[in-house]
Amino acid sequence: MAEIVRRSQIAATVLRMISEGEARAKIIATVRPLPSRKVSILRGLDSFAAQDYLARLPLPLFDNSAMDGYAVMASDSPPGARLRVLGEQPAGFDRQLRVAAGEAVRIFTGAPLPQGADAVVMQEDVTRDGDVVVVNVEVTSGEFVRRRGCDLGEGQKIIRAGERVRAVTLGLLASQGLAEIVVGGEVEAAIISTGDELAKPGEKLCAGQIYESNSMLLGALLQRCGAVIASQQHCADDAASLRNAFQAAAKYQVLIVSGGVSVGEYDLVQQTLRDLGAKIGIWRVAIKPGKPFLFGRLGNCLAFGLPGNPVSTFITFLKFVRPAILKLMGAADLGLPTTRATLVIDLANESERVHYIRGKLEHGNFAPVGRQESHALFGLSQSNALLRLPAGVSVGKGAVVDIEIWE
Ligand code: AMP
Ligand code: MG
């Protein structure tokens, strides 16, 4: 009886192949960003800022010299002028010197500009004669002076909540005197590959076996998103081992299962998740490749079942898992970067599912590459971008289209 009920649960879901957009919206609506955390700024690299950071100090912080040379009054320093060097201003300590007409201060890069001076003459452009310096060039006001706040004004935006912390952002935050940054939470994900036919790379293959490659692909994609691979294991198509593996993984925020989510007798992932009490929210999406995609919740863990064909795994990760991970991490923008490109051939999607065509984006052109089938891992490896072709849509050669870039 229970078996009949379970099968009818699954059969009812079969009838509802939901759209890609609906599936993603449903997943995103389920995800709550993790609590933020304070980390040393270097550890914040590739995380998402959890609050706005505005400049509390201007850059430069004070008027200073861009060169080693002499601080002068420009209007008083025509070519040939002989100026008395009244002192030296190195970087690091403001000696509060003041330049008057007929005077100069020996100055070094980054040193505060003495009062009265409005220009710096490079040391290559003067002749030093005892405590006198002779100006050999035309000097204009403001030359080689870096004015306070000319780069960054007080209160100006450094990074907004939800933006990714980049290497250059870290440099800027450090220039503000910050040693720590508040960023979104860290996502721990478990990867479980399934399939009796799969052998671990490095092991000997038996007849009929192939090497397991999806966990490597998924691990790399997770790292690219900034998530942590908390565990990785392989399971045979066997309910008991799947059950144990799922139970162990449920303590993480994300579980990614590859394979075993379709309708064959060896596809036990959905039923095993249901047996463990998981709530399956999505199964079968109108996307090509990747139709048998599954999403549910196992306790607090977001469980994603990705079809095992490598290209399906890849596409469903990018389209459904990646946005969920980014939202957990506190990102504002959950999509892939896009660009416009010219299509180099005619394309038509006669299927009833949106088709993600793998191709190469080069010099503003997009060309499909390799076999457009879900097992075609080599073709995928030659591509760097995706074209989303909705069901029933044709696009002609020369059309300008939106392309999604993953690299
Ligand atoms: P499944 O989704 O389990 O029905 O698998 C679909 C296809 O993907 C089959 O040809 C599998 O052998 C292949 N496959 C499944 N999982 C993996 C994996 N982890 N690595 C490489 N190929 C896989
Ligand atoms: Mg399988």
Side-chain angles (χ1 to χ4, degrees), residues 39-46 49 51-160 163-183:
V39 293
S40 68
I41 59 170
L42 190 55
R43 287 219 52 206
L45 181 65
D46 284 339
Q51 61 177 66
D52 291 348
Y53 282 88
L54 306 182
R56 51 186 200 179
L57 300 175
L59 286 183
L61 192 50
F62 44 83
D63 294 352
N64 70 89
S65 176
M67 290 287 168
D68 295 331
Y70 292 84
V72 301
M73 287 172 66
S75 58
D76 187 51
S77 311
R82 294 176 62 83
L83 307 172
R84 188 175 68 84
V85 180
L86 59 95
E88 196 175 87
Q89 175 61 71
F93 178 72
D94 191 344
R95 292 187 175 162
Q96 310 276 340
L97 299 175
R98 175 179 286 272
V99 172
E103 292 177 340
V105 163
R106 174 73 173 127
I107 197 164
F108 301 89
T109 306
L113 195 71
Q115 287 200 27
D118 65 347
V120 171
V121 197
M122 284 203 293
Q123 71 185 47
E124 293 87 332
D125 290 337
V126 300
T127 310
R128 181 76 184 250
D129 177 11
D131 63 356
V132 166
V133 70
V134 183
V135 177
N136 297 330
V137 291
E138 199 80 51
V139 182
T140 51
S141 177
E143 204 167 31
F144 301 123
V145 172
R146 307 192 285 211
R147 289 286 174 203
R148 171 185 161 90
C150 71
D151 180 25
L152 175 72
E154 245 168 296
Q156 207 176 320
K157 179 205 114 165
I158 290 181
I159 187 169
R160 287 240 179 270
E163 286 180 359
R164 198 182 273 280
V165 178
R166 302 154 64 217
V168 284
T169 323
L170 294 186
L172 190 53
L173 290 169
S175 81
Q176 296 292 302
L178 292 172
E180 291 178 315
I181 178 173
V182 182
V183 294

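For reference, positions follow the sequence shown, starting with 1.
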| said: Quick one: does any side-chain atom of Arg43 pair with a main-chain N or O of Leu45 as donor and acceptor, under 3.5 Å? | reply: no
| query | Within a strict 4.5 Å, meaning less than it, do heavy atoms of the Arg95 and Pro90 side chains meet? | reply | yes
| Heavy atoms from other residues, nucleotides or ligands near CG of Leu61 exceed 12 (cutoff 6.0 Å) | yes
| query | Taking side chain as C-beta onward, heavy atoms only, is Leu86 less than 4.5 Å from Val105? | reply | yes
| message | I need the minimum non-hydrogen distance between Val139 and Glu143, along with the two atoms involved. | response | CA-OE1, 3.7 Å
| At their closest point, which heavy atom of Ile107 faces which heavy atom of Pro112, and how far apart are they? | CD1-O, 3.6 Å
| said: If you compare all heavy atoms of Asp76 against all heavy atoms of Ala81, which two are closest, and at what distance to 0.1 Å? | reply: O-CB, 4.2 Å
| If every non-hydrogen atom of Ser141 is compared with every non-hydrogen atom of Ala74, which pair is closest and at what distance? | N-CB, 3.5 Å
| query | With a 4.0 Å cut-off, would you call Arg82 and Asp129 a salt bridge? | reply | yes
Give the table of side-chain donor-acceptor pairs shorter than 3.5 Å for residues 166-182, with sequence neighbours excluded, one pair per line with atom names and distance.
from   : atom 1 : to     : atom 2 : distance (Å)
Thr169 : OG1    : Arg166 : N      : 2.9
Thr169 : OG1    : Arg166 : O      : 3.3
Ser175 : OG     : Leu172 : O      : 2.6
Gln176 : OE1    : Arg56  : N      : 2.8
Gln176 : OE1    : Leu57  : N      : 3.0
Gln176 : NE2    : Leu57  : O      : 3.2

| field | Nearest-0.5 Å distance that lies between atom CZ in Arg128 and atom CD in Gln123 | value | 10.0 Å
| said: As a test of understanding, state which of Val99, Val121, Val135 forms a side-chain contact (heavy atoms from CB on, under 4.5 Å) with Leu83. | reply: Val135
| request: Check salt bridge (charged side-chain N to carboxylate O under 4.0 Å, His left out) between Arg98 and all other residues, then give those that pass, not counting sequence neighbours. | output: none
| query | Do Gln89 and Phe108 come close enough that some side-chain heavy atom pair is under 4.5 Å? | reply | no
| Taking all atoms of both residues into account, what is the closest heavy-atom pair of Gly142 and Ala119, and its distance? | N-CB, 4.2 Å
| N/O donor-acceptor pair under 3.5 Å between Arg164 side chain and Asp46 backbone | yes
| message | To check you understand the geometry: which heavy-atom pair defines the closest contact between Ala55 and Leu152, and what is its length? | response | CB-CD2, 3.5 Å
| note | Taken in chain and number order and not counting sequence neighbours, the residues that satisfy salt bridge (charged side-chain N to carboxylate O under 4.0 Å, His left out) with Asp63 are Arg147
| Name of the residue among Val72, Thr109, Leu113 meeting side-chain contact (heavy atoms from CB on, under 4.5 Å) with Val120 | Leu113
| task | Could you tell me the separation between the CZ atom of Arg106 and the CG atom of Asp68, rounded to the nearest 0.5 Å? | result | 6.0 Å
| Between Asp52 and Arg160, is any pair of side-chain heavy atoms under 4.5 Å apart? | yes
